[in-house]
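Worksheet: one structure, shown below.
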Amino acid sequence: MFAFTAYATNENLGSPSRVFDLLVEASKRHPVEGNAGGSYLTMRSKEGAIFFVINIVGNFGTVFCDNGYYNKAIAASPVDALPGYIMGGLSWFAIPWLAATTMGLSALALENNPVFPTYPNRMAPADVTAGLVLPTAAVAMLGKGGAAAVLLLVFMAVTSAMSAELIAVSSIFTYDFYQTYFNPTASGRQLIYMSHTMVIGFAIAMAAWSTALHYIGISMGYLYLLMGVIISSAVLPATLTLMWSGQNWWAATLSPPLGFVCSLIAWLVTAQKEGGELTVATTGANNPMLAGNVVALLSPLIFVPVLTFALGKQNYDWQSMKAIRKGDDHDLAAAANVDLERIPGEERRAIEQEAEEQAKLTKAARIARWLTAFLALALLVLWPMPMYGSGYIFSKKFFTGWVIVGILWMFCSAFCVGLYPLWEGRKTSIRTFKAIFGEIMGRGKPSRQSMVVEGQGADTPPEAVSEKMKD
């Protein structure tokens, strides 16, 4: 909607050609220091290059260290996990490439127009770093409808991300801490209780933390640049935990905190030397953030081999990971009158399914490695680097083509995320709707819990009913 408004229907913008002309005028009014020709229509940008590195490092951290991703991958079937992540990643790319770029360029193109909310002034730098470019541009293009659209978009994004984090954190606390170290014999009911408790506790803690950051003046932009400094020292140890059997316990455990200490030192020392003092402004500058992010990502290259070879290689065989099983929920199942006795042949089928799953995972891993190398080369080197190195400033035709390809990519994203899941789940959806319709019409099958065994009344003890059902 935002893209078509900016490049097709808006009375002040309405076409790639018009947006291009307004951006050229904006470049003349406010040329960008460090950009080729001071233009907004170029990939040759000094500050952009710094942000590129910070962004790559920070997102390495978020993807490799966010247990929400691991939860989804483990929950998905092996045959669906790889194509799901491929389609999801390629679909996501339309958001920063065209959607975010559209709103940023629209704000620049309209800032000299009376429809702009801050007219005749430009947006304050603090508002930009707070992430308010999106709603400001939306209001300038669509009025109150744009504000409502942004609210819906941000609300859905935040609730989706937060729900994933709540589940991930509660799972780690419940099974990796509580059950592993405090109560190994915990019942299913206790595990569920601890999981619910952690969901509530983490939600309250994050709400309090977010409120505190707001009142002390830490913006979203600051946090975005800082996250790599905090978490990216765990990227290499986490990767080698899965990819290299030689990494020992000491390297996997100590490299992240040691790298974090080094990244903090690099970040704060650079801020002090460049700014003369440590404030939100000096520590949030690009160069200190760049130093901290790069040191965080690369310092484990020193710590991991030193700790591994100095203290002995682990030669880990991953058998302890295979030993991980689902939590014991027999007590919850019994309370729901569910029969958990193994049916004949179940163990044999489980072994066959595991062998089949391993074959699928091996094939998926091979495809994932080649695809990762190809996409990394294409999206991080072959596409941006020549445009940066040449200092090319977009022509009107090139900009128009850029927009068209981006819109086509967004259509592909809409298909992958919005339509393909409906088609893939069509059989399940049809069964569900038939069952709902049957229940409404009174033709639904009675549940096992509600069945009354023939020849016995409603006063029959549950144990007797359960035994009869087993028979």
Side-chain angles (χ1 to χ4, degrees), residues 68-88 91 152 155-157 159-164 166-168 170-171 174 187-189 191-193 195-196 199 325-354 356-357 360 364 413-471:
Y69 287 94
Y70 290 94
N71 273 15
K72 292 183 178 71
I74 292 170
S77 67
V79 71
D80 293 325
L82 179 64
Y85 270 91
I86 292 171
M87 288 192 295
S91 298
L152 176 64
F155 176 80
M156 295 298 289
T159 52
S160 173
M162 188 62 184
S163 67
L166 287 171
I167 298 302
S170 66
S171 298
T174 302
S187 66
R189 188 179 299 277
L191 294 175
I192 292 295
Y193 175 79
S195 178
H196 290 176
V199 165
R325 291 293 180 263
K326 293 179 180 178
D328 184 359
D329 58 356
H330 278 71
D331 56 333
L332 294 175
N337 291 325
V338 177
D339 183 10
L340 289 178
E341 288 188 356
R342 284 188 175 272
I343 61 176
E346 183 179 341
E347 291 191 8
R348 177 175 55 80
R349 282 198 295 273
I351 295 173
E352 292 174 354
Q353 289 175 354
E354 182 176 355
E356 182 181 354
E357 183 177 282
K360 291 178 180 177
S413 298
F415 171 80
C416 288
V417 176
L419 298 179
Y420 179 68
L422 296 177
W423 172 255
E424 190 178 40
R426 63 192 183 282
K427 294 181 180 178
T428 302
S429 299
I430 291 172
R431 280 199 309 270
T432 302
F433 283 120
K434 284 182 177 179
I436 293 173
F437 182 75
E439 289 287 346
I440 293 174
M441 300 304 292
R443 296 197 298 266
K445 294 181 180 179
S447 62
R448 288 187 61 179
Q449 289 86 350
S450 65
M451 283 195 301
V452 177
V453 179
E454 184 180 354
Q456 296 177 335
D459 294 332
T460 304
E463 294 82 3
V465 175
S466 178
E467 290 301 320
K468 188 69 176 176
M469 287 166 60
K470 288 179 184 178
D471 294 339

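By convention here, the first residue in the shown sequence is residue 1.
Atoms CG and CE, from Leu82 and Met87 in turn, are 9.5 Å apart once rounded to the nearest 0.5 Å. Between atom CG of residue Leu419 and atom CD of residue Glu424 there is a gap of 13.0 Å, rounded to the nearest 0.5 Å. Within the model, atoms OG of Ser91 and CD1 of Ile86 stand 11.5 Å from one another, a figure rounded to the nearest 0.5 Å. One distance of note links CD1 of Ile192 with OG of Ser187; it measures 10.0 Å at 0.5 Å rounding.
With sequence neighbours excluded, the residues satisfying side-chain contact (heavy atoms from CB on, under 4.5 Å) with Tyr193 are Thr197. The side-chain contact (heavy atoms from CB on, under 4.5 Å) test applied to Arg431 returns Lys427, Thr428, not counting sequence neighbours. Checked against side chain to side chain donor-acceptor pair (under 3.5 Å), Lys434 has no partners two or more places apart in sequence or in another chain.
Shown here for Thr174 and Leu191, the closest heavy-atom pair between the two residues is CG2-O, 3.4 Å. Between Pro421 and Val417, the shortest heavy-atom contact is CG-O, 3.4 Å.
Of the possible donor and acceptor atoms, none in the side chain of Ser160 sits under 3.5 Å from a partner among the backbone N and O of Ala157. At least one donor-acceptor pair closer than 3.5 Å links the side chain of Ser170 to the backbone N or O of Ile167.
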